[in-house]
Number of protein chains: 2
Amino acid sequence: MQAKNGISKKERILDAAEQLFARHGYDGVTLRKIATEAGVDVALANYHIGNKRELFEAVFVRRAELLNQYRAEALTLCEENAGADGPTVEQIIEAFLRPLEMAQETGDDGWQHYLALVAYVNNSPVWGKELMSRHFDKLIKRFIKALRKALPNATDKQLFWCYNYLSGALTLTFAQTGRIDKLSRNACKSSDFQAAYNHMIPFVAGGFRSVCGEQG
Amino acid sequence: MQAKNGISKKERILDAAEQLFARHGYDGVTLRKIATEAGVDVALANYHIGNKRELFEAVFVRRAELLNQYRAEALTLCEENAGADGPTVEQIIEAFLRPLEMAQETGDDGWQHYLALVAYVNNSPVWGKELMSRHFDKLIKRFIKALRKALPNATDKQLFWCYNYLSGALTLTFAQTGRIDKLSRNACKSSDFQAAYNHMIPFVAGGFRSVCGEQG
DNA sequence: TGAATTATTCAACAAATGATGAAATTATCG
DNA sequence: CGATAATTTCATCATTTGTTGAATAATTCA
């Protein structure tokens with residue numbers, strides 16, 4: 001049952017839920033607000049997807065695989081282009097971040113909302129651990145493996161703490177609170193993803209090098 | 001009307017609210033849960049503090065000034081101990097972070113809950129901008145000023161973006177989701193604040209240096 | 001003590017919430 | 001077409017929510 005404009009009501013529900021959950025969190029959103037935003041009856045979400053929790057997870061899952069795919073391709077590409085020593089820290093971090101920037105910069109607002117949702121989940125004591133792990137850990141371990149090769153002196157403890165800081169920096173950038181705009185008196189704009197990622201790559205790479213020591 | 005054990009019911013309400021808001025967010029907590037946790041009637045929060053929103057802000061405000069004071073003292077101290085060139089990036093970052101570590105490591109769980117609440121607020125698109133700015137911007141600008149002196153080649157844009165990454169890394173550490181434990185197969189423990197901050201200082205300092213360039 | 005102030009509890013309200021069967025509508029396809 | 005299935009709407013339920021006015025208890029202090 002496909003609508004004429006190509007967007008089914010089920011997708012409209014997921015889009016509306018994505019935006020609202022990202023902005024207000026799980027408990028800050030009611031099924032009625034989602035339905036209203038989607039222009040749909042309240043009962044329809046239940047018919048197509050299930051209860052509220054299942055709706056939340058459906059939204060989270062929807063783009064997760066695609067995102068992993070983008071990142072995996074970027075990592076594979078930079079590994080193929082590198083010599084026998086493998087890619088540099090900068091190249092690995094870039095492969096980790098650029099797909100996100102590109103997703104956020106498509107005209108589609110959906111990716112912006114989705115990544116803000118990931119930020120919410122990543123920071124949530126309740127959802128954070130299980131949901132993030134289930135969908136993203138596998139690929140992250142591939143990135144860590146590449147970093148371990150680029151930083152042969154690093155211990156696992158150092159690598160994973162550094163990844164944690166990277167994850168936090170990224171998350172706050174996703175969250176798009178607009179706080180940095182105000183603090184910097186508009187020297188930085190949180191909507192300027194290009195600037196956010198351009199600065200982030202050397203920051204994070206420098207951080208990894210500083211903690212884990214140069215190779216040799 | 002002070003209780004015999006020294007903890008008034010008003011304080012018990014604030015403590016319970018602090019813990020629950022930090023864990024479940026504003027909308028994930030009901031006044032009844034707070035009251036139950038505090039061992040108090042539902043109506044009492046309203047009598048002592050006001051409505052739900054005012055309760056949330058009261059919790060947020062309670063420790064904000066004290067936290068600013070700790071950080072300000074640390075910065076002043078490291079500036080006094082430094083030469084005419086001022087403190088190094090590492091010293092400034094350390095002054096920014098150590099008071100948080102110390103607060104989290106007091107036996108009192110309250111500071112842990114409070115900093116998790118700050119993490120929630122900092123990442124929240126709704127609360128993030130206004131509430132954080134109102135209470136923390138002034139002191140943060142003092143820190144930025146010190147960093148500007150330590151990194152004379154840096155532009156404001158670079159400095160504030162780097163601060164943003166620092167803030168994000170810090171926030172995720174506060175949030176205590178336990179995710180890093182699982183990801184690293186217990187090489188890192190999110191409850192180990194000492195390790196979290198020990199690694200974070202060189203990471204962030206290295207990041208600043210890498211983005212803003214060494215001086216000279 | 002006893003009156004007055006403060007603190008706490010009780011009871012109840014209207015509004016909103018997630019959920020779900022039953023009814024109505026629309027699509028599918030032999 | 002006509003019947004079977006998929007989709008969408010409608011009406012309604014029991015709970016839960018934030019809030020408040022009145023009643024009760026505890027404290028203060030003259």
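Within every chain, numbering begins at 1; the chains are lettered A, B, ... in the order of the sequence lines, protein sequences first and strands thereafter. A quick note: this is a predicted structure, and the numbers were derived from the prediction, not measured.
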**Prompt:** Can you check the A/Asp27 CG to D/dT16 P distance for me, whole Å?
**Reply:** 15 Å
**Prompt:** Could you give the CG-to-P distance, from A/Leu31 to C/dT17, as a whole number of Å?
**Reply:** 9 Å
Please output the side-chain donor-acceptor pairs of residues 47-61 of chain A that fall under 3.5 Å, not counting sequence neighbours, one pair per line with the distance.
residue	atom	partner	partner atom	Å
A/Asn51	OD1	A/Arg53	N	3.3
A/Asn51	OD1	A/Glu54	N	3.0
A/Lys52	NZ	A/Tyr26	O	3.1
A/Lys52	NZ	A/Val29	O	2.8
A/Glu54	OE1	A/Asn51	N	2.9
A/Glu57	OE1	A/Arg134	NH2	3.4

**Prompt:** For the pair made of CZ in A/Arg32 and P in D/dC13, what is the distance, rounded to whole Å?
**Reply:** 14 Å
Pairs of donor and acceptor atoms involving the side chains of residues 32-46 of chain A, under 3.5 Å and at least two apart or interchain, shall be tabulated with distances.
residue	atom	partner	partner atom	Å
A/Thr36	OG1	A/Arg32	O	2.8
A/Asp41	OD2	A/Ala43	N	2.9

**Message:** Rounded to whole Å, how long is the line connecting atom NZ of B/Lys10 with atom C1' of C/dA7?
**Reply:** 13 Å
**Asked** If we only count heavy atoms from C-beta on, is the B/Glu105 to B/Trp111 side-chain gap below 4.5 Å?
**Response** no
**Option among B/Tyr70, B/Phe136, B/Phe208, B/Phe143 that satisfies the ring pair (Phe, Tyr, Trp, His ring centres under 6.0 Å) test with B/Phe96** = B/Phe143
**Item:** Separation of D/dT8 P from A/Glu11 CD (nearest whole Å)
**Value:** 12 Å
**Fill in**
Here the distance between atom P of D/dT17 and atom NZ of B/Lys33, to the nearest Å, is 6 Å
**Message:** Does a side-chain N or O of A/Lys9 approach OP1 or OP2 of D/dT9 to a distance below 4.0 Å, or not?
**Reply:** yes
**Request:** Under 4.0 Å from any atom of DNA chain C, heavy atoms only: list the residues of residues 38-58 of chain A that qualify, in numerical order.
**Result:** A/Ala43, A/Asn46, A/Asn51, A/Lys52
**Backbone of A/Ile180 reached by a side-chain donor or acceptor of A/Ser184 within 3.5 Å** = yes
**Message:** Check whether A/Ser167 reaches the backbone of A/Tyr163 with its side chain - one donor and one acceptor, N or O, closer than 3.5 Å.
**Reply:** no
